[in-house]
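Residue numbering restarts at 1 for every chain, and letters A, B, ... go by the order of the sequence lines.
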There are 2 protein chains.
Amino acid sequence: MATPTPTRQRRRGHDPESVLATAVGVFNERGYDGTSMEDLARALGVTKSAIYYHVPGKEQLLSRALDRALDGLFEMVADERASSGAAIERLEWVVRQSVRLLIDRLPYVTLLLRVRGNSGTELAALERRREFDRFISRLVTEAATEGSIRADVDPGLVTRLLFGSVNSITEWYQPARGASADDLADALLKMTFGGLRVDPAA
Amino acid sequence: MATPTPTRQRRRGHDPESVLATAVGVFNERGYDGTSMEDLARALGVTKSAIYYHVPGKEQLLSRALDRALDGLFEMVADERASSGAAIERLEWVVRQSVRLLIDRLPYVTLLLRVRGNSGTELAALERRREFDRFISRLVTEAATEGSIRADVDPGLVTRLLFGSVNSITEWYQPARGASADDLADALLKMTFGGLRVDPAA
DNA sequence: TTGTCAACTGACCGAATGTTCGGTAAACAA
DNA sequence: TTGTTTACCGAACATTCGGTCAGTTGACAA
């Protein structure tokens, strides 16, 4: 009755969502601290002050973007497939999902991986990220205890190097030209779990 | 005869080198754009203007730091061991040397890996870095052609994931508590070349 | 004792920063 | 027609920025 058309064809213009999307893009190009509100305004095609009509300020943009990445990570570890079954299977699943999430939310995860703790917002994000890292580290330790991955390298080190590879995706992946998330995950798992070297005995 | 003591016990105080070292440390903590000259001055225990007695300005500090990392990389690829012998051997050597350089010049390389191209200085550094990356990529391709590393993953992808692991060292390595460069390189090569998974047939 | 000089300080500059505010044109509702 | 809302502009705000410069300090040489 009221609200005749629930979402009437809203006239051209921005909204909090489109501002966030553009902002994250610019943040990733120039870095958060290297981006001025003037830069954002230019990218949006409006003046600086128009931005404040849609969002409360620069730091809120960062905060919302980081949450979008972190929420994805924590939804992942909350899944049953991350906590039941053989540790090696869970680890593979988590790595695969991480690659998928990285690509699904590329700009948001990219931003997260570059945070250094310059503000309360950044420190809070860093702490949530460390919690995720601890989860992965436990998984790797379990897989080593299980005997399914090599035990001659410290599990903490394995975790870091493995996710060093995974996270590097944000540094070079181009959605337009790159492989699909699944293809990328396949290649990454083949490499990290199977190893680069061809068996001379084969 | 002249200059009675070539380097007399110079009185307390800073010099271009110590300013650079401190600056790079702060740049890595807060990010280059997130660091003000006031921040630097505080870290050095002097006023802002004292910094300009030793170095020409903020961007020169960045430039000198990046050169220190890039010069190391190019000295490495200029070595004979990077260009003669089996490709797989050269690749292993370059990876090992990269780990060593990363740790030897940790703060400088860390800074280099975070550059995004916001200024002429940064763009020039990015271009030199890309040249290094191309060298590595060629090496990996040769090793694949040789048949010494797996051919079922694109060489460009292998390069990126491999050096994703290597470069991640800057994100977590702590000189005081961490392993030596050689131990780290051993573990990394074991993992990346040998693979994580334990052979079920073994 | 005087002079030199490296190493700094403190006051300052113009430009850029993130943010606020008063106003306004266009679309829509009554 | 009138009033309201949406989405914006332009000017201004206080603050911070990188950088300059005239002067001061203290160690040392002559």
Protein-to-nucleotide contact annotation, 5' to 3' order, nucleotides 13-20 of chain D [B base; S sugar-phosphate only; - none; under 4.0 Å, heavy atom]: ----SBBB
side-chain hydrogen bond (donor to acceptor under 3.5 Å, both in side chains) assessment of A:S165 paired with B:S165: CA-CA 5 Å; A:S165 268; B:S165 268; 3.3 Å; yes
A:D39 and A:R42: CA distance, side-chain angles, deciding distance, salt bridge (charged side-chain N to carboxylate O under 4.0 Å, His left out) verdict: CA-CA 5 Å; A:D39 291 330; A:R42 207 175 303 121; 3.3 Å; yes
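Contact of the A:R129 side chain with the A:L113 side chain is registered, since non-hydrogen atoms from C-beta on lie closer than 4.5 Å.
Under 4.0 Å is where a charged nitrogen must lie from a carboxylate oxygen, and between A:E75 and A:R68 no such pair does. With salt bridges taken as basic N to acidic carboxylate O contacts below 4.0 Å, one links B:D71 and B:R128.
The CG-P distance, from A:L62 to C:dT19, rounds to 12 Å in whole Å. Counting to the nearest Å, the C1' atom of C:dC8 and the NE2 atom of B:H54 are 8 Å from each other. For the pair A:D15 CG and D:dT5 C1', the interatomic distance rounds to 16 Å; values are reported in whole Å. Between the C1' atom of C:dT20 and the CD1 atom of A:I51 lies a distance of 14 Å, rounded to the nearest Å.
Among the heavy atoms of the strands lying under 4.0 Å from A:A50 are primed sugar atoms or P, OP1, OP2 only; no base atom is included.
Both cation-pi conditions hold for A:K58 and A:Y32: the charged atom is under 6.0 angstrom from the six-membered ring centre and inside a 45 degree cone around its axis.
Between A:Y53 and D:dA7 there is a side-chain polar atom (N or O) within less than 4.0 angstrom of OP1 or OP2.
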